[in-house]
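This report refers to the structure that appears directly beneath it.
Here is how names work: the chains are called A, B, and so on, in the same order as the sequence lines, proteins then strands, and each is numbered from 1.
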Protein chains: 2
Amino acid sequence: MSEKRRIGLKDIARELGISISTASRALNAYPGIADETIKLVKEYAEKHNYVPNTMAVNFRKNKTMTLGIVVPELIHYFFSSVISGAIQTAKKHGYSVFVSQTDEKVANEIVACRTLLSSGIDGLLISISNETIEGKHIQEFLEEGKPVVQFDKVSDYLETPKVIVDDFQGAFNAVEHLLKKGYKKIAHIGGWADVKNSVERKRGYMEALRTNGFEIHGDFLLECTDISEQEGYEFTKKLMESHNPPDAIFCITDLVAIGAIKYLKEKNFQIPEQVGVMGFSNWQLAGMVSPGLSSVDQHAYEMGVKSTEILINILRGKALCTDQTHIVKTELIIRESTSVKSHKDQEPIN
Amino acid sequence: MSEKRRIGLKDIARELGISISTASRALNAYPGIADETIKLVKEYAEKHNYVPNTMAVNFRKNKTMTLGIVVPELIHYFFSSVISGAIQTAKKHGYSVFVSQTDEKVANEIVACRTLLSSGIDGLLISISNETIEGKHIQEFLEEGKPVVQFDKVSDYLETPKVIVDDFQGAFNAVEHLLKKGYKKIAHIGGWADVKNSVERKRGYMEALRTNGFEIHGDFLLECTDISEQEGYEFTKKLMESHNPPDAIFCITDLVAIGAIKYLKEKNFQIPEQVGVMGFSNWQLAGMVSPGLSSVDQHAYEMGVKSTEILINILRGKALCTDQTHIVKTELIIRESTSVKSHKDQEPIN
DNA sequence: TTGAAAGCGGTACCAC
DNA sequence: GTGGTACCGCTTTCAA
C-alpha cells in the first residue's frame, strides 16, 4: 500500500499559473472560459490523472449520486433480480447503490433506513417488510426532501410512486389457463391474509373462477404461514386426502408448488394428467424441476429498472414524487405441470 | 416533500451559549469536557434531533465508512449469499456497502472499480471475473492505500488477503464419497481449464481417484464452455451413449448436474442405482429437485462474513493487508442422487 | 475571460 | 474545561 498522493485543483492551478476557480471551471466545462485555457487544464489534469475528490464535491453540492435499496431478503431470486436491474440502471445514470436487507423485520428496516438516510443517499428504493405498516421511518426521507420509490411490497400510507406487479391479473390468468386446460376443481394454497400481494393473488384466483362460472369452494382455500416447501407438501397432502380432492393446485409461490409436486409424485399422482400444479414467481428452478413448473413471471429485473428510472427522473426534476402507481405486467409461463392435452387444441370453456 | 431543515453544531452552540468546538466534543465523548456540558448538549441535540452531516464528516475525516463489493453475477445463489454475509457483517461494524456486478466482463469490472474508487469507499471486496488476469484496476486501490480483500475467484497477481473455498478438498471428498458408495467409473464434467476453481475441482477429482487406486480415464474428462444445464444434458448424453458409460458423474456445478439428471431421467436410467450424480455448490434447488442432488456446500454466507471481517480488521489497523490466504471449509451434503444402498453399511473401498 | 474569497459543516490543534 | 480558528477540496458569487 504505497499511498500515492492524488493531485488537487490547487496543484493544477499553481503549476499552470492560473487560479483555482479557473481550473475548476475549465474542467467542468463552464461557459466563459478560453478554449485554450480549457485545453491546457484538461491536458494537465489528464496527464497527472487528476481525480476530483468525491467527498469534497458531495459535501459542497450536498448530494452523493448514490441511491439506497432496501429489500426483505437478498438471497431470493426475485429480489436479487430487482436489485440487479436497479444497479444496472443506476450505473447507467451515474449513480451507485447501497443495498440493505431487513429479513422481513421492521426493526431492521428502521435501522437500515436511518443508516441510509444519514449516509446521505439521494433517493431510496424500498420493498417493505411484512411487518411494516405505516413506515414512519420512510416518511423521514420525504420530510428531508429525498424521494422514495416503493416497489413490490408497498405501503399505501406513504405518498410515493409505487411499482408493483399485477398480482391480481397474474393470478387471474394463471387460473383461467388452468380452467382452459380442463381442470375443474382448482385449489389455492395462498399466503397471509394481511399481505397485499397474497390478497391480490387470491382475489385473482376467485375472480377467474367466478368469471368462468365456477363456484368457490371453501375447502379449496388454504393459507400458508411461512410459505415454505414444507407447507406446500402438507397442504397438498391435506387436500388430496380429503373426500373431495382438487384436480389442480394454484400455489402462492413456486416454493410451495415444489412442495406440492413432491407430495404428488410421492403418492404417484400423475402431473399434469391427474393434478395440475401452478406456481407464482417463475423462479429459475421452475424450469429445472421435473415436471417443469408452470408459473407466473413477475419481470423482476424490469421492476428494478422501472423503479430506478422513476426515482432518477424525480432526482433530475423531470418528474414529481407523487403517489402514482406503475404496474409491471406479469407473464404466464406454461410448462409441463399444467400441460395436459398439450398436443390437442384447447377446448373452449363453458 | 416538505423539506424540514436540519440543525447543525452551530445552532446548538448558539442556543446553548457555548462554542462549536465544545459542542462537537461533547457529542463525540471527547475527554476533558464537563459532565454537565455533555448532558446539556446531548439533551439539546436529542430534543431537536440533531444528525451530524455525514458528508461533512466524511470530507473532514477522509473516510466514508462504506465498503464496495464486486461480484461477477448478483443473481446467483452463491454470490447473493456472500453479499448477504458481507452486508450483515459490515452493518455490525457500522459500514454500508455498495454492490456492483461485472457479468464476468473485465471491462465492466474496470468501470465498477473506478466508480467505487472515486466514490470514496474505504475498502473493497472483490471476486474477479473469468476474464480478469492481472487486475491493474484493483491494484489502484492498494496504491491509494485502500485495502482490498479477494474472495472465491482471486488473482494471484494481487497482494491482498484472499478468502477461498477449498475446491480441491471439496471435490476430493465428493469423489471419495462416490467411490465409497461403490461407484467405479466416475466421469467429471468440468469447467474452463484456465479458471482456478475449475482446475482445483478437477485436481480434487483426479487425486481422489488416484489415492484410491483408480485410473483416470481420458474419456471421462469433459469441459464445459458455458457451464449450463444444457451442457450438462449434452455431455451426459455423450457419456452414456459411449461404448464405455460411467456409473457416476461428478459435475462442476449443480446447474450442470441438473442437466445430467434431466437426461438420465429421460432415458430411464435409475439414479442413484445405475448412475450417481454429484453436484457442486449446493444451491437451494439441490434440495428441491428429485432425486435430491448430493452436492458440496461452499458456505457462501460464511465466506462473505469472513472476507468482510478481514477487511474491517485491516481498516481498523488490527491487521495488515498481506496476501495471506484463508480457506473456507466445504461440506459434503449427501442426498438421494448418490445414496445407493443407503440403508446398508458402506463397504470399505479397496 | 479570469481571480479572489466566502463558505459547505464539521474536526482538531493551540491557547487560555 | 473551554473557546478560537485553521483547515478539508471544491463550487460559486462577485468584482475586476
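- Comparing atom distances between the B:Arg60 side chain and each of D:dG3, C:dC8, C:dT11 picks out C:dT11 as nearest.
- Within 6.0 Å of the CD atom in A:Glu131, the count of heavy atoms belonging to other residues, nucleotides or ligands exceeds 12.
- Atom P of nucleotide D:dG9 and atom CG of B:Asn58 are separated by 14 Å, given to the nearest angstrom.
- Heavy atoms from other residues, nucleotides or ligands lying under 6.0 Å from NZ of B:Lys91 number more than 12.
- A straight line from CG of B:Asp11 to P of C:dG9 spans 9 Å, rounded to a whole angstrom.
- In this pair, A:Phe79 and A:His76 present their aromatic rings tilted. The plane angle is within the 30 to 60° band.
- As a whole-Å value, the separation of B:Phe59 CZ from D:dA6 C1' is 13 Å.
- The side chain of A:Arg25 approaches D:dT12 more closely than any other nucleotide in the set D:dT12, C:dG9, D:dG3.
- The separation between A:Asn62 atom CG and C:dG9 atom C1' is 10 Å, rounded to whole Å.
- Side-chain N/O atoms of B:Thr22 include one lying less than 4.0 angstrom from OP1 or OP2 on D:dG3.
- Contact check, B:Ser24 against C:dT11: a side-chain N or O comes under 4.0 Å of OP1 or OP2.
- Using modelled atom types, no side-chain atom of A:Thr132 and backbone atom of A:Gly135 make a donor-acceptor pair closer than 3.5 Å.
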| request: Report the C-alpha separation of A:Asp103 and A:Glu73 in whole Å, then their side-chain angles, then the decisive distance to 0.1 Å, and conclude whether the side chain to side chain contact (heavy atoms under 4.5 Å, CB included) test is met. | output: CA-CA 5 Å; A:Asp103 292 323; A:Glu73 296 230 43; 4.3 Å; yes
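- Applying a 4.0 Å cut-off to non-hydrogen atoms, the residues of residues 35-45 of chain A that approach DNA chain C are A:Thr37, listed by residue number.
- Taking only side-chain atoms of A:Ala34, from C-beta outward, the nucleotide of C:dT1, D:dC10, D:dT12 with the closest atom is C:dT1.
- When distances are taken from the side chain of A:Tyr50 to each of D:dG4, D:dC10, C:dT11, the shortest belongs to D:dC10.
- Atom pair A:Lys61:NZ and C:dC8:P shows a separation of 17 Å (rounding to whole Å applied).
- For a distance-only test at 3.5 Å, the side chain of B:Ser21 qualifies as a donor-acceptor partner of the base of D:dG4.
- Between B:Ile20 atom CD1 and C:dC13 atom P the separation is 17 Å, expressed in whole Å.
- Straight-line distance from the CE atom of A:Met55 to the P atom of D:dC10: 11 Å, rounded to whole Å.
- Atom CD1 of A:Ile18 is separated from atom P of D:dA16 by 22 Å (rounded to the nearest Å).
- Put simply, the side chain of A:Lys146 never gets that close to the backbone of A:Leu124: no donor and acceptor are under 3.5 Å apart.
- Put simply, the side chain of A:Asp122 gets close to the backbone of A:Met65: a donor and an acceptor are under 3.5 Å apart.
- Residue contacts shown for B:Asn28 are limited to sugar-phosphate atoms, with no base heavy atom under 4.0 Å away.
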